Protein chains: 2
Amino acid sequence: MPKNTIFNPVTRLYATWQPYNSTKMEQLLETIKLYISLSPQEIQSLYEAVQQKSFGKNELIFTEGKVADEIYFVTKGCARLFYEVNGNDKTAFFYTEGQFICAGESYTYNIPAIENYQAVEPTELLIFTKSAIEILLQKVPKLEVIARIATENELITCQKVIASFVTKSAEERYLDLLNTQGQLFQRVPQHYIASFLGISPETLSRIKTRVLQKE
Amino acid sequence: MPKNTIFNPVTRLYATWQPYNSTKMEQLLETIKLYISLSPQEIQSLYEAVQQKSFGKNELIFTEGKVADEIYFVTKGCARLFYEVNGNDKTAFFYTEGQFICAGESYTYNIPAIENYQAVEPTELLIFTKSAIEILLQKVPKLEVIARIATENELITCQKVIASFVTKSAEERYLDLLNTQGQLFQRVPQHYIASFLGISPETLSRIKTRVLQKE
DNA sequence: AACACTTCTTGACCATCGTCAAGAAAAATA
DNA sequence: TATTTTTCTTGACGATGGTCAAGAAGTGTT
């Protein structure tokens with residue numbers, strides 16, 4: 001049995017049980033507590049719905065072509081969303097601690113995904129399978145609220161990204177990212193950030209020196 | 001009393017009542033029926049929650065600085081989302097028949113919106129005020145599903161737009177738009193489309209001639 | 001410490017894009 | 001229909017960005 005086998009409720013008897021790590025779970029609970037409160041029993045149901053998995057640096061979390069049937073929650077590390085486009089890959093988004101990851105269209109409409117997700121540092125995820133979520137939501141319907149809020153927040157974030165592409169120059173987007181997500185520059189290779197900004201690595205390098213000279 | 005006054009439940013006694021147009025409502029019902037079925041009583045509740053308003057060409061539907069407390073549904077015409085950025089405006093999205101419009105962050109978190117919405121052709125909207133939605137969802141909880149689906153679909157659309165900015169050139173984005181939303185070029189001024197593609201009107205004009213020559 | 005590998009920077013050169021300005025075409029208005 | 005206004009196109013030119021290539025800096029591995 002390979003290490004880090006994903007726990008699958010359907011094949012429960014055969015899979016390696018990955019005990020949840022209470023520290024990791026607490027991080028999810030913190031996020032949930034921002035919006036609703038849960039009884040000990042409800043928390044127990046949550047525990048039963050989730051598994052945990054660790055990914056090494058550069059390890060792939062999910063690859064295109066598959067139908068997504070899991071939602072991930074980042075408890076540690078950083079992952080990126082990238083698209084494989086004729087040979088080279090393009091980073092479209094970063095996910096850090098406290099964020100949910102889901103290949104939305106694939107998960108919702110059961111079609112093959114075009115997204116890839118990869119750990120860019122050692123990363124730990126909580127994993128909810130679709131079937132586990134169905135069971136969980138029957139037991140604890142008010143968690144629907146969390147799903148709605150997570151979706152709304154991601155939508156708001158995406159709309160801001162689009163607004164930045166439409167209204168701002170590459171240099172402005174770089175400065176914005178520096179102000180709002182500065183830690184990313186310490187955590188992920190610059191060429192990933194470049195493609196997230198919609199430019200080449202060389203251009204990002206030149207923008208950086210240009211900005212430094214202005215100071 | 002100006003024509004087309006927005007019906008406001010709070011000032012019901014003073015506002016002009018805009019009777020709903022059953023043809024327009026049917027369009028909304030068609031959209032809803034794709035996902036759930038409603039009893040005659042539930043449809044009646046929906047009718048009571050909604051008002052209708054017409055906008056002339058170029059009329060502003062919603063402007064930045066206000067806190068959004070309404071969701072719109074386009075039954076006829078076309079609207080654009082634009083941002084006002086030091087003097088000139090930048091179009092970030094188009095909404096046509098069957099789509100919901102909502103300044104998400106403002107509506108969700110009660111903060112002033114930075115978005116503007118404008119009719120680019122004579123446009124007719126169904127309007128749901130926040131308070132009317134609250135009442136409606138208490139009466140017909142299963143409409144929550146529609147809210148969730150509409151949010152999910154908009155998220156998926158936004159993710160595709162971001163993917164196109166990150167992975168494609170301006171010319172490729174133009175060709176994509178032509179294939180998927182070609183009618184837009186017959187309906188809205190080209191400089192709106194240009195800024196939606198993240199380029200200047202002149203560049204779009206040149207891309208068009210370049211593409212024509214390739215054929 | 002030595003080596004390999006990845007990442008980052010820099011230069012050269014060319015392609016693309018933005019801006020300004022002028023005029024043509026199309027649409028709205030009188 | 002005539003006139004005004006808006007939209008679209010085209011040219012010129014400068015700014016920005018992409019690509020290729022070389023080398024430097026930094027990481028990780030043995």
Side-chain angles (χ1 to χ4, degrees), chain A residues 56-60 77-78 80 82 85-91 94 118-122 164-175 177-178 182-214, chain B residues 55-60 77-78 80 82 85-91 94 118-123 164-175 177-178 182-214:
Chain A
K57 186 174 174 176
N58 293 330
E59 195 175 344
L60 291 166
C78 178
R80 73 183 179 113
F82 72 97
V85 184
N86 43 293
N88 44 23
D89 70 64
K90 302 282 189 174
T91 300
F94 298 101
Q118 181 184 35
V120 294
E121 346 176 293
S164 80
F165 272 109
V166 168
T167 65
K168 294 180 181 175
S169 67
E171 183 172 323
E172 286 172 311
R173 287 202 302 285
Y174 161 73
L175 290 171
L177 192 64
L178 206 58
Q183 17 64 285
L184 275 184
F185 288 86
Q186 268 64 256
R187 299 178 70 171
V188 315
Q190 189 168 292
H191 63 273
Y192 292 160
I193 293 177
S195 100
F196 175 61
L197 293 172
I199 57 180
S200 71
E202 294 93 333
T203 296
L204 176 53
S205 177
R206 290 187 178 105
I207 286 176
K208 277 171 64 179
T209 58
R210 197 197 304 160
V211 167
L212 280 174
Q213 285 165 356
K214 282 183 186 169
Chain B
F55 292 84
K57 186 174 174 175
N58 294 331
E59 196 175 344
L60 290 167
C78 177
R80 72 182 179 114
F82 71 98
V85 185
N86 42 293
N88 44 21
D89 71 64
K90 302 282 189 174
T91 300
F94 298 102
Q118 182 185 33
V120 294
E121 344 177 296
T123 296
S164 79
F165 272 109
V166 168
T167 67
K168 295 180 179 174
S169 68
E171 183 173 324
E172 287 173 309
R173 287 202 301 284
Y174 162 74
L175 290 171
L177 191 65
L178 206 58
Q183 19 63 286
L184 275 185
F185 288 86
Q186 270 63 257
R187 300 178 70 171
V188 316
Q190 188 168 294
H191 63 271
Y192 292 161
I193 294 176
S195 100
F196 175 60
L197 293 172
I199 58 181
S200 71
E202 294 93 334
T203 296
L204 176 53
S205 177
R206 290 185 179 106
I207 286 176
K208 277 172 64 180
T209 58
R210 196 197 305 160
V211 167
L212 281 174
Q213 285 166 355
K214 283 183 186 169

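To find a chain, count down the sequence lines: A is the first, B the second, and so on, and within it residues start at 1. Bear in mind that the values here come from a model prediction, so they are computed numbers and not experimental data.
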Quick one: list whatever passes ring pair (Phe, Tyr, Trp, His ring centres under 6.0 Å) with A:Phe94, sequence neighbours left out.
A:Phe196
Whole Å only: how far is the CG atom of A:Asn88 from the P atom of D:dC20?
10 Å
Indicate yes or no: at least one non-hydrogen side-chain atom of A:Ile207 is less than 4.5 angstrom from one of A:Ile199.
yes
Not counting sequence neighbours, which residues clear side chain to side chain donor-acceptor pair (under 3.5 Å) with B:Ser169? List them please.
B:Glu172
Send over the distance from A:Glu172 CD to C:dG18 P, rounded to a whole Å.
14 Å
Per-nucleotide protein contact along nucleotides 24-30 of chain D, 5' to 3', at a 4.0 Å heavy-atom cut-off (B base, S sugar-phosphate only, - neither), is -------
Donor-acceptor pair, distance only, cut-off 3.5 Å: does the side chain of B:Gln118 make one with the backbone of B:Arg80?
no
Any donor-acceptor pair under 3.5 Å linking the side chain of A:Arg173 with the backbone of A:Lys168?
yes
Would you indicate whether the side-chain heavy atoms of B:Phe165 and A:Val166 approach each other to under 4.5 Å?
yes
Quiz: residues 182-189 of chain B side-chain donor-acceptor pairs under 3.5 angstrom, not counting sequence neighbours:
residue: B:Arg187; atom: NE; partner: B:Glu121; partner atom: OE1; Å: 3.4
residue: B:Arg187; atom: NE; partner: B:Glu121; partner atom: OE2; Å: 3.0
residue: B:Arg187; atom: NH1; partner: B:Glu97; partner atom: OE1; Å: 3.3
residue: B:Arg187; atom: NH2; partner: B:Gly77; partner atom: O; Å: 3.0
residue: B:Arg187; atom: NH2; partner: B:Glu97; partner atom: OE1; Å: 3.4
residue: B:Arg187; atom: NH2; partner: B:Glu97; partner atom: OE2; Å: 3.2
residue: B:Arg187; atom: NH2; partner: B:Glu121; partner atom: OE1; Å: 2.9

By ring pair (Phe, Tyr, Trp, His ring centres under 6.0 Å) - contacts of B:Phe82 (at least two apart):
none
Treating primed atoms plus P, OP1 and OP2 as sugar-phosphate and everything else as base, which nucleotides of nucleotides 3-17 of chain C get B, S or - for protein heavy atoms under 4.0 Å?
----SSBBBB----S
